[in-house]
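Throughout, protein chains are lettered first and strands after them, A, B, ... in sequence-line order, and every chain is numbered starting at 1. Basis for what follows: all heavy atoms, side chains included, without hydrogens, waters or symmetry-related copies. Bear in mind that the values here come from a model prediction, so they are computed numbers and not experimental data.
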2 protein chains.
Amino acid sequence: MDMNQTHIFGESLFRLLHAYKRALRENFTAVGIELTVSHIRVLKRIAGMPQCTAQAVAAGMQIDKGRIARLMKELETEHLIEKRHHPEDSRSRQITLTHQGRTLIERINTVEAETSEYMVAGIDKEQLMTCAHIINDMVKNLET
Amino acid sequence: MDMNQTHIFGESLFRLLHAYKRALRENFTAVGIELTVSHIRVLKRIAGMPQCTAQAVAAGMQIDKGRIARLMKELETEHLIEKRHHPEDSRSRQITLTHQGRTLIERINTVEAETSEYMVAGIDKEQLMTCAHIINDMVKNLET
DNA sequence: GCACTTAGTTGTCAATGTCAACCATTGCGG
DNA sequence: CCGCAATGGTTGACATTGACAACTAAGTGC
């Protein structure tokens, strides 16, 4: 890959995430979900981690722990998550989805799946899987 | 691609761009380039467009024209670009790189190439090209 | 001439990222 | 056990990026 193609690759990444984020926002608001993309990402992360804690979310998503604290505070005031005292470490809190949170996650997954379907329309499934693996490899290269 | 894999794909995009941007910022500041990633993206775009105008940059990058105006104003105060009266439309300005701008672009290209090299280390070149095409296809799907 | 569009600038605010200070705990070496 | 560094979390402050709308000036077409 020469320098010119590399350039195009990096630019394409900016374009893709920009467009993807915009599509997500649009589709979420279209069905009446008022959360920001960040809130939704965190909520999904919590949903995927049993006995979740804030630091685990922050570490797992490579997001500043301060930002996570604020996002979670807002998710809590929206009654989408609950914080309980951690049984073994009173500094820490265990985060769990509320019933509302679980219901919302289902709607979120639907919207996200539809958005992704649109994004990958007409693209060969096998190449797509390859692409997904490569993206993960690139993340690994950069994050270590 | 089932729903679960789709989810992972979207999340990976967030992760990748986050890590890529951070790596870029780090490498730019390491060599003493103090511009933000946005400023650099715009500067590169200008470099790649002869007889460039603000609206062309905004349209080409899918970025708000107000934001472009501000970024360009700052690039101008840094003496990296110049605005001249457009010969055929006095509303418009032709944007050109200054000598300093052209010099900087070379350094930028080097840093960016190194960052990309690091990002794609150990990844099959052919698969990488496929991935780049797919990314462009996805952008096309979303932006139209 | 007049309505409409276009290029650019500016104001305002929301969303996101980064860094540092801080508190309350915990765990650990002595 | 004590002192102290490390950890989980919260908060403050600020920079970056994105979105939208109002506005000026100038072109375009009827």
Would you kindly give the [atom1]-to-[atom2] distance between [X] and [N], to the nearest whole Å?
{"X": "B:L17", "N": "C:dT16", "atom1": "CG", "atom2": "C1'", "value": "12 Å"}
{"X": "B:D89", "N": "C:dG8", "atom1": "CG", "atom2": "P", "value": "8 Å"}
{"X": "A:Q55", "N": "C:dT25", "atom1": "CD", "atom2": "C1'", "value": "14 Å"}
{"X": "A:R22", "N": "C:dT16", "atom1": "CZ", "atom2": "P", "value": "14 Å"}
{"X": "B:M72", "N": "C:dT9", "atom1": "CE", "atom2": "C1'", "value": "13 Å"}
{"X": "A:I68", "N": "C:dG17", "atom1": "CD1", "atom2": "P", "value": "9 Å"}
{"X": "A:H85", "N": "C:dT26", "atom1": "NE2", "atom2": "C1'", "value": "16 Å"}
{"X": "A:R93", "N": "C:dC23", "atom1": "CZ", "atom2": "P", "value": "17 Å"}

(message) Is it the case that the side chain of A:S116 and the backbone of A:A113 share a donor-acceptor pair, with hydrogens and angles ignored and the cut-off at 3.5 Å?
(response) no
(request) Not counting sequence neighbours, list each pair that qualifies as a salt bridge (Lys or Arg N to Asp or Glu O under 4.0 Å) and has a residue in residues 50-77 of chain A. (result) A:E76-A:K83
(message) Just N and O in the side chain of A:S90: are any of them under 4.0 Å from OP1 or OP2 of C:dA24?
(response) no
(message) Tell me whether the side-chain N/O atoms of B:K73 come closer than 4.0 Å to OP1 or OP2 in C:dT10.
(response) yes
(message) I'd like to know if B:E11 pairs up with A:K44 as an ion pair, taking the criterion as any Lys NZ or Arg NE/NH1/NH2 lying under 4.0 Å from an Asp or Glu carboxylate oxygen.
(response) no
Every protein N/O within reach of nucleotides 12-15 of chain C N/O, cut-off under 3.5 Å:
from: C:dT12; atom 1: O4; to: B:R70; atom 2: NH2; distance (Å): 3.4

Quick one: closest heavy-atom pair of [X] and [Y], and the distance?
{"X": "A:S12", "Y": "B:V139", "value": "O-CG2, 4.0 Å"}
{"X": "A:G60", "Y": "B:R15", "value": "O-NH1, 2.8 Å"}
{"X": "B:G32", "Y": "B:R107", "value": "C-NH2, 4.4 Å"}

(message) Between B:Y20 and A:M138, is the side chain to side chain contact (heavy atoms under 4.5 Å, CB included) condition met? List the steps.
(response) CA-CA 9 Å; B:Y20 179 55; A:M138 290 193 283; over 6 Å; no
Look at all strands and tell whether [X] reaches a base, only sugar-phosphate, or nothing, counting heavy atoms closer than 4.0 Å.
{"X": "A:A69", "result": "base"}
{"X": "B:D64", "result": "base"}
{"X": "A:H18", "result": "sugar-phosphate"}

(request) Heavy atoms of chain A, cut-off under 4.0 Å: which first and last nucleotide of DNA chain D, 5' to 3', fall inside that, if you could look? (result) D:dA6 to D:dA19
(request) Scan A:H86, A:H85, A:R84 and name whichever one has a side-chain contact (heavy atoms from CB on, under 4.5 Å) with A:R93. (result) A:H85
(message) Under 3.5 Å, is there a donor on one side chain and an acceptor on the other for B:T36 and B:H39?
(response) yes
(request) Indicate, yes or no, whether a donor-acceptor pair under 3.5 Å links the base of C:dT6 to the side chain of B:R91. (result) yes
